[in-house]
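Handing you this structure, nothing more for now.
Below, all heavy atoms of this structure are taken into account, side chains as well, without hydrogens, waters or symmetry copies. Chain letters run A, B, ... following the sequence lines, proteins first and then strands; every chain starts at 1. Just so you know, these numbers come straight off a predicted model, no measurement behind them.
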2 protein chains.
Amino acid sequence: MKGSIPTATVARLPLYLRCVSEVAPDQVTCSSEQLAESAGVNPAQVRKDLSYVDPPGVRGVGYDVAELRAVLRRELGLTREHRVAIAGAGNLGNALTMYPGFNESGFNVVALFDTDPTKIGTRIDSLTVEPYETIGTIVAARDVSIGVIATPVKAAQEVADRFVEAGVRSILNFAPAVLKRPAGVEVRRVDLSTELQILAYYEGRLGG
Amino acid sequence: MKGSIPTATVARLPLYLRCVSEVAPDQVTCSSEQLAESAGVNPAQVRKDLSYVDPPGVRGVGYDVAELRAVLRRELGLTREHRVAIAGAGNLGNALTMYPGFNESGFNVVALFDTDPTKIGTRIDSLTVEPYETIGTIVAARDVSIGVIATPVKAAQEVADRFVEAGVRSILNFAPAVLKRPAGVEVRRVDLSTELQILAYYEGRLGG
DNA sequence: TAGATTGTTAATCGATTAACAATC
DNA sequence: TAGATTGTTAATCGATTAACAATC
């Protein structure tokens, strides 16, 4: 069954991990009811989702908090270290470089790239900004597995190509572009203006 | 039929808007095939989605580029101005304040809040940082309709409550928290570490 | 045993897509 | 008319959830 977790379930695992990490320290087990409450989903959803991960809950008792946390971390691959490279040292790129949530769970920002000559060579939070041309060598040398694209849209595809060519198989894309890439490369897109536009749509219907 | 567009379709409208805005300037019409190609979705999907917006395409011809663009902008509410307030003047908040994509389509950042006394009163990009306590009055006075939460997780709920009390009905939440809020308040969550964790999951399966 | 709570089934719901008649 | 391309149907697929037997 390994590897066959539905995508909707995978997307909720980080949420469950956060929720199970936040239960009271004296609490040994927790119920699907409780997790559902704090995750904001249906209890049946929680049970179905958690039935995909290995050591199961116990009927009549619930889920062992420490065990569930460990299982989710393992399942999500957080027991390994992940080395992250960020392209684009503008406001967003710098904010991401210093984002506390990154280092919290084994994600390590080990490289920062930009194309602007006035930025190249400067230091952000112990990292030196390097030019795009060096992505290939640096990504390989520092064993980067995740590439983050925080460049303007016109540079996004070039940077993605360089990442992919250097062996990166996971990309987090903040640029408002649909990236072309070979099969086997996973891209997640986070688009701030898209989110705002969706909010604007619902604003028109509801409250006003 | 107004107001009954499926959520999955709504979430793709911004993408179509971007794609139709990017066709060659000499091109008068475009096909679902072409839009699908540049949006990275199925052509049948495009036709189904666009069948929800009003002036339809023309069989045998396609969609009028200028008209489709206008319709999508109207449908998404981008013909109105949207006033945005950002809570949290850390790296992320500052990056968002200066994010070019915000002002591009009628989203205007008109207030910036923080709780840190050393930040309050400083200026970021023509805005003065104000304390959380003033959210109520300022949001009302400046007619803010969208609240952005870029605070640490522990301040997120308090800020959300203040936004909601001040009449904000649309919230974009960057804090890793599930916000409690009354019905009628639309929240979209953007969680960077969740995205990384999902990538980490797939990394474990595919490429390695 | 009685109470609690899971895992799983089956029903429902919503989203995607192939296929094609409609029609420019 | 012939070719192109939509709008829409119907089939399929995947996700959600109520219900309940299993079982601690």
Side-chain angles (χ1 to χ4, degrees), chain A residues 1-16 19-20 23 27-69 71-72 75 178 198 201-202 205, chain B residues 1-16 19-20 23 27-69 71-72 75 178 198 201-202 205:
Chain A
M1 288 295 156
K2 198 68 171 299
S4 65
I5 303 185
T7 58
T9 295
V10 170
R12 280 187 296 266
L13 294 184
L15 184 56
Y16 298 142
C19 291
V20 78
V23 300
Q27 208 182 323
V28 175
T29 64
C30 63
S31 66
S32 60
E33 179 83 28
Q34 183 186 359
L35 288 172
E37 160 74 23
S38 79
V41 303
N42 185 292
Q45 182 84 267
V46 172
R47 293 200 294 279
K48 179 117 222 189
D49 286 339
L50 294 184
S51 75
Y52 292 102
V53 303
D54 201 13
V58 180
R59 289 170 207 237
V61 177
Y63 302 89
D64 184 284
V65 171
E67 187 177 68
L68 181 56
R69 183 160 183 280
V71 162
L72 288 173
E75 196 64 38
V178 178
I198 295 171
Y201 171 86
Y202 288 110
R205 326 285 124 172
Chain B
M1 289 292 157
K2 199 67 172 300
S4 66
I5 304 184
T7 58
T9 294
V10 170
R12 279 186 296 266
L13 295 185
L15 183 57
Y16 297 143
C19 291
V20 78
V23 300
Q27 208 183 323
V28 175
T29 64
C30 64
S31 65
S32 59
E33 180 83 29
Q34 183 186 0
L35 288 172
E37 161 73 22
S38 80
V41 304
N42 185 293
Q45 183 84 266
V46 172
R47 292 199 296 277
K48 178 116 222 189
D49 287 339
L50 293 185
S51 75
Y52 291 103
V53 302
D54 201 11
V58 180
R59 290 173 207 234
V61 177
Y63 302 90
D64 184 284
V65 170
E67 186 177 68
L68 181 56
R69 182 158 184 280
V71 163
L72 289 173
E75 196 65 38
V178 178
I198 294 171
Y201 171 85
Y202 289 109
R205 327 283 125 174

Open item on the list: What contact category does A/T7 fall into here, base, sugar-phosphate, or nothing, at under 4.0 angstrom with non-hydrogen atoms?
Closed with: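 Sugar-phosphate, backbone atoms only, no base.
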Open item on the list: Determine whether A/T9 and A/D49 satisfy the following criterion, side chain to side chain donor-acceptor pair (under 3.5 Å), listing intermediate values before the conclusion.
Closed with: CA-CA 6 Å; A/T9 295; A/D49 286 339; 2.6 Å; yes
Open item on the list: Between A/A44 and A/V61, which residue's closest nucleotide on DNA chain C lies nearer the 5′ terminus?
Closed with: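 In this pair, the answer is A/V61.
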Open item on the list: Do A/L35 and A/L50 make a side-chain contact, defined as non-hydrogen atoms from C-beta onward lying under 4.5 Å apart?
Closed with: yes
- [ ] Would you classify B/S32 as touching base, sugar-phosphate or nothing, given that sugar-phosphate means primed atoms plus P, OP1 and OP2, and contacts are heavy atoms under 4.0 Å?
- [x]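 Here B/S32 touches the backbone only, sparing every base.
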TODO: Kindly indicate whether the side chain of B/R12, heavy atoms from C-beta on, has any atom under 4.5 Å from the side chain of B/V46.
DONE: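 With C-beta onward as the side chain, the pair stays apart.
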Open item on the list: Pair A/Y63, A/R47 - check side chain to side chain contact (heavy atoms under 4.5 Å, CB included), show working.
Closed with: CA-CA 10 Å; A/Y63 302 89; A/R47 293 200 294 279; 3.8 Å; yes
- [ ] Any strand is fair game: report the nucleotide pairing with D/dA22 by Watson-Crick or G-U wobble, both distances under 3.5 Å, or none.
- [x]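 Here D/dA22 is engaged in a pair, and the nucleotide opposite it is C/dT5.
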Open item on the list: Does B/P56 reach a base, just sugar-phosphate, or nothing at all? Heavy atoms under 4.0 Å.
Closed with: sugar-phosphate
Open item on the list: With heavy atoms of chain B within less than 4.0 Å as the criterion, where does contact along DNA chain C begin and end?
Closed with: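 Nucleotide range in contact with chain B: C/dA15 to C/dC24.
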TODO: Tell me, yes or no, whether the heavy-atom count around A/E37 atom CD, taken from other residues, nucleotides or ligands under 6.0 Å, exceeds 12.
DONE: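 Open.
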TODO: Find the partner of D/dA15: check Watson-Crick (N1-N3 plus N6-O4 or O6-N4) and G-U wobble (N1-O2, O6-N3) distances, both under 3.5 Å, and reply none if neither fits.
DONE: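 Here D/dA15 is engaged in a pair, and the nucleotide opposite it is C/dT12.
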Open item on the list: Quick one, B/V71 and B/D54 - any side-chain contact, counting heavy atoms below 4.5 Å?
Closed with: no
Open item on the list: Both A/R12 and B/C30 contact DNA chain D. Taking the nearest nucleotide for each, which residue is further toward the 5' end?
Closed with: B/C30
Task: Residue met sooner reading DNA chain D from 5', once B/R59 and A/G60 are mapped to nucleotides - done: B/R59
